[in-house]
Amino acid sequence: MSRTNVKKLLTATDLVGQDVLVKGWVRTKRGNKFVSFIAVNDGSTINNIQVVADAEKFPEESLKEVTTGACIAVTGKLVESQGKGQTVEIQAEKVEVLGTADVETYPLQKKGHSLEFLREIAHLRPRTNTFGAVLRMRHAMTFAVHKFFNDRGFFNVHTPIITGSDAEGAGQMFRVTTLDPINPPKTETGEVDYSQDFFGKNTNLTVSGQLEGEVAAMALGQIYTFGPTFRAENSNTSRHLAEFWMIEPEVAFNELTDNMDLAEDFLQYLVSYALENCADDLQFLNDMYDKELLNRLNFVVNNKFERVTYTDAVEILKNAKKAKFEYPVEWGTDLQSEHERYLVEKHFNKPVILINYPKDIKAFYMKLNDDGKTVRAMDVLFPGIGEIIGGSEREESYEKLMTRVREMGIHEEQVWWYLELRKFGTAPHAGFGLGFERLMLFVTGMGNIRDVIPFPRFPKSAEF
RNA sequence: UCCUCCUUAGCUCAGUCGGUUAGAGCACAUGACUGUUAAUCAUGGGGUCCUUGGUUCGAGCCCAAGAGGGGGAGCCA
């Protein structure tokens, strides 16, 4: 007999009355001298199938190894449940223990685990309801990202993970080298001689696929990347990882407004997809962690984002007499977390897209506005998350871009190929980066980014 | 990296003013119960009070340093 997964058993009414085989892990066993109830989960859904084992066929001794965490295979008839709480259950004929789990040492119990504790057993936490829900939703969001772009004629581009440019200035990088760390080759001036390294130059893990993404957009028109990103920042927060996944669309001929439209459509699509396809998992997360989760997701889907210029936002914050800010608000400085939170959670009470930031606090490649002071940047701010998207219209003028490169001390020789895009058939274009785990935070209602990725990487932590 | 809080049973936590034998719930074991729903009830076993050093007649509790963790901030996605 072939295996039927729990999700199908719970929904396929045509299987009632038939013999079925289910394989999965025991969540709980309870009962009395006459009957045992075993809740089995195989990961196909957050819900368990109840296996009923009558003592006539299964004396207590025979079920001794059927403990929380054990892996079992059960054959029996799928029947309508006599008890309340489930519609169907399996009347067991045969229970085989595929893998035992010693009750004294198996760390997961029926209840009461903190997320902090589960982080220490990342190899077992996918077996919990919470992480099962999160990981199923992570898959659903991955799929939805590809579907959104594919349906709109975007092409997925694989940008390199090892890069030779550190020009983007997006943060500290992880060095990639095969040189002997104890005794590396040296130049005549005593510095490490990277010309003898594997790539013949100093290389690092990528901090962004954007520059290469622009190369592809200048040929394929509209592209997106979806890959791992690495930042060696010593960030210890619930919103940062050293290894995370980023989605970066880049579109030829798009201007700032098109960019905002795309970002807003994209986010609303992803949230709708979650609401439509992850109902059981979302309901669990809503009940267990965040009673406002479903309301918040529905709100984001059904309301336009507020679009405000940086200059107007500064005015709003300066006029916010009631709010006491730890840091002063001044035109020309970057907004602090408290300022962003005020705008999103107090003033507008909805997602906000901030645009036209001062050029001095943004990256060199952003398009200069006619005022000469601001650039066509855009940050999408979400409640509880802060910045979920950062993007801009790109500077397409070779002269203006070179001016910015020199002003900001960018290493020209490392990005010559990027600069040449403006020499040969330049075009207006725009794009943005979405932090995938930040999206996951929003859509699951989880509070810590380390709990929305299976194996988090952060300072002093690369176990598992 | 900075600020702040925390670290006591397998897990979650209480522990009064520094005082003699460190507690609870859950988990686990044993028993009871004819359909349970994070089953329930009874009984029982279970401790490097994070580590090191100090103060004290006496430290889970006070002091110092270190380690680990949470929350906030910076950096950003």
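Every chain is numbered from 1 and lettered A, B, ... according to where its sequence line falls, protein lines coming before strand lines.
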- Can you tell me if T311(A) and W331(A) form a side-chain donor-acceptor pair at under 3.5 Å? yes

- Message: Regarding G433(A), tell me which of base, sugar-phosphate or nothing describes its non-hydrogen contacts under 4.0 Å with the strands shown.
- Response: sugar-phosphate

- Write down the distance separating the C1' atoms in U56(B) and C2(B), rounded off to the nearest Å. 35 Å

- Between S114(A) and U12(B), does any side-chain N or O lie under 4.0 Å from OP1 or OP2? yes

- Message: Tell me whether the side-chain N or O atoms of H240(A) pair up with the base of C76(B) as donor and acceptor below 3.5 Å, since no angle test is needed here.
- Response: yes

- Atom pair distance, as rounded to whole Å: CG in N448(A) and C1' in G70(B): 9 Å

- Message: Give the dot-bracket line for RNA chain B from 5' end to 3' end: parentheses for intra-strand Watson-Crick or G-U pairs under 3.5 Å, square brackets for crossings, | for inter-strand pairing, dots for unpaired.
- Response: (((((((..((((.....[...)))).(((((.......))))).....(((((..]....))))))))))))....

- Query: So what does T229(A) hit on the nucleic acid, given a heavy-atom distance under 4.0 Å: a base, only sugar-phosphate, or nothing?
  - Reply: nothing

- Task: Give a yes/no on whether any side-chain N or O of R239(A) is located under 4.0 angstrom from OP1 or OP2 of C75(B).
- Result: no

- Using atom OH of Y106(A) as one end and atom P of C11(B) as the other, report the distance to the nearest whole Å. 15 Å

- Query: Hey, what do you get for OG1 (T75(A)) to CD1 (I90(A)), rounding to the nearest 0.5 Å?
  - Reply: 8.5 Å

- Message: Regarding C75(B), can its base be found pairing with the side chain of S235(A) as donor and acceptor, where the two atoms are less than 3.5 Å apart?
- Response: yes

- How close or far is atom P of G74(B) from atom NE2 of H339(A), stated in whole angstroms? 9 Å

- Base, sugar-phosphate, or nothing: which does R27(A) touch, judged by heavy atoms less than 4.0 Å apart? nothing

- Query: Just how far, in rounded Å, is C1' of C75(B) from CZ of F458(A)?
  - Reply: 18 Å

- Once each nucleotide of nucleotides 43-50 of chain B is scored for protein heavy atoms under 4.0 Å, what B/S/- sequence comes out, 5' to 3'? --------

- Query: Across the strands shown, which category fits L108(A) at heavy-atom distances under 4.0 angstrom: base, sugar-phosphate, nothing?
  - Reply: nothing

- With rounding to whole Å, what would you report as the distance between G53(B) and C11(B) at their C1' atoms? 31 Å

- Indicate whether OP1 or OP2 belonging to G72(B) is found under 4.0 Å from a side-chain N or O atom of S238(A). yes

- Task: Would you indicate, yes or no, if G72(B) has its OP1 or OP2 atom less than 4.0 angstrom from a side-chain nitrogen or oxygen of R341(A)?
- Result: no

- Task: Could you please name the option among A77(B), U30(B), C11(B) that lies closest to any side-chain atom of Q109(A)?
- Result: C11(B)

- Message: Does K291(A) have more than 12 heavy atoms from other residues, nucleotides or ligands lying within 6.0 Å of its NZ?
- Response: yes

- Message: Quick check on side-chain contact (heavy atoms from CB on, under 4.5 Å): which of D102(A), L108(A), V103(A) does Y106(A) satisfy it with?
- Response: L108(A)

- Message: As a test of understanding, state which of D261(A), D312(A), D379(A) forms a salt bridge (Lys or Arg N to Asp or Glu O under 4.0 Å) with R307(A).
- Response: D261(A)

- Query: Quick one: does NZ or CZ of R376(A) land under 6.0 Å from the six-membered ring centre of Y357(A), within 45 degrees of the ring axis?
  - Reply: no

- Message: Side chains of S81(A) and Q50(A) only: does a donor on one sit below 3.5 Å from an acceptor on the other?
- Response: no

- I38(A) atom CD1 is separated from G35(B) atom P, nearest whole Å, by 17 Å

- P atom, G45(B) versus U8(B): distance in rounded Å? 23 Å

- Message: Would the base of U36(B) count as contacting Q86(A) through its side chain, where contact means a donor and an acceptor less than 3.5 Å apart?
- Response: yes

- Does F244(A) lie flat on the base of A77(B), that is, centres under 5.5 Å apart and planes under 30° off? yes

- Task: Quick one: do N156(A) and F149(A) satisfy side-chain contact (heavy atoms from CB on, under 4.5 Å)? Show the steps, please.
- Result: CA-CA 8 Å; N156(A) 182 216; F149(A) 286 122; over 6 Å; no

- Query: With respect to the phosphate group of U1(B), does any side-chain polar atom (N or O) of N234(A) fall under 4.0 Å of OP1 or OP2?
  - Reply: yes

- C1' atoms of A27(B) and G44(B), separation to the nearest Å: 14 Å

- Is there a donor and acceptor pair, one atom on the side chain of E116(A) and one on the base of G69(B), closer than 3.5 Å? no

- Atom C1', compared across C6(B) and A14(B): separation rounded to whole Å: 15 Å

- Task: Mind checking Y327(A) for me? I need base, sugar-phosphate or nothing, with any heavy atom below 4.0 Å counting as a touch.
- Result: sugar-phosphate

- Task: Map E437(A) and S461(A) onto RNA chain B by nearest heavy atom, then report which one ends up closer to the 5' terminus.
- Result: S461(A)

- Query: Would you say the ring centroid of F436(A) lies under 6.0 angstrom from that of F226(A)?
  - Reply: yes

- Query: Which of parallel (below 30°), tilted (30 to 60°) and perpendicular (above 60°) describes H123(A) and F464(A)?
  - Reply: parallel

- Evaluate the side chain to side chain donor-acceptor pair (under 3.5 Å) criterion for residues N48(A) and N41(A): first the C-alpha distance (whole Å), next the side-chain angles of each, then the deciding distance (0.1 Å), finally the verdict. CA-CA 5 Å; N48(A) 305 324; N41(A) 186 281; 3.0 Å; yes

- Does S337(A) place a side-chain N or O at less than 4.0 Å from the phosphate oxygens OP1/OP2 of G74(B)? yes

- Any N or O donor-acceptor pair linking the side chain of E89(A) to the base of G35(B) at under 3.5 Å? yes

- Can you tell me how far P of C28(B) sits from CG of D102(A), to the nearest Å? 12 Å

- Query: Closer to the 5' end of RNA chain B via nearest nucleotide, is it F34(A) or K29(A)?
  - Reply: F34(A)

- Decide if atom NZ of K350(A) counts as having more than 12 heavy atoms of other residues, nucleotides or ligands within a radius under 6.0 Å. yes

- Item | Distance in angstrom units between E233(A) CD and A73(B) P, rounded | 17 Å

- Is any side-chain N or O of Q336(A) closer than 4.0 Å to OP1 or OP2 of G74(B)? yes

- Message: Under a 3.5 Å cutoff, is there a donor and acceptor pairing between the side chains of Q210(A) and Y365(A)?
- Response: yes

- Message: For G70(B) and N236(A) - does any side-chain N or O of the residue sit under 4.0 Å from the phosphate oxygens OP1/OP2?
- Response: no

- When we call it a touch if two heavy atoms are under 4.0 Å apart, what does I389(A) touch: a base, just sugar-phosphate, or nothing? sugar-phosphate

- Item | Atom-to-atom span, CD of E387(A) to C1' of C75(B) - whole angstrom | 11 Å

- Query: If you measure from the P atom in C61(B) to the same atom in C49(B), how many Å do you get, rounded?
  - Reply: 10 Å

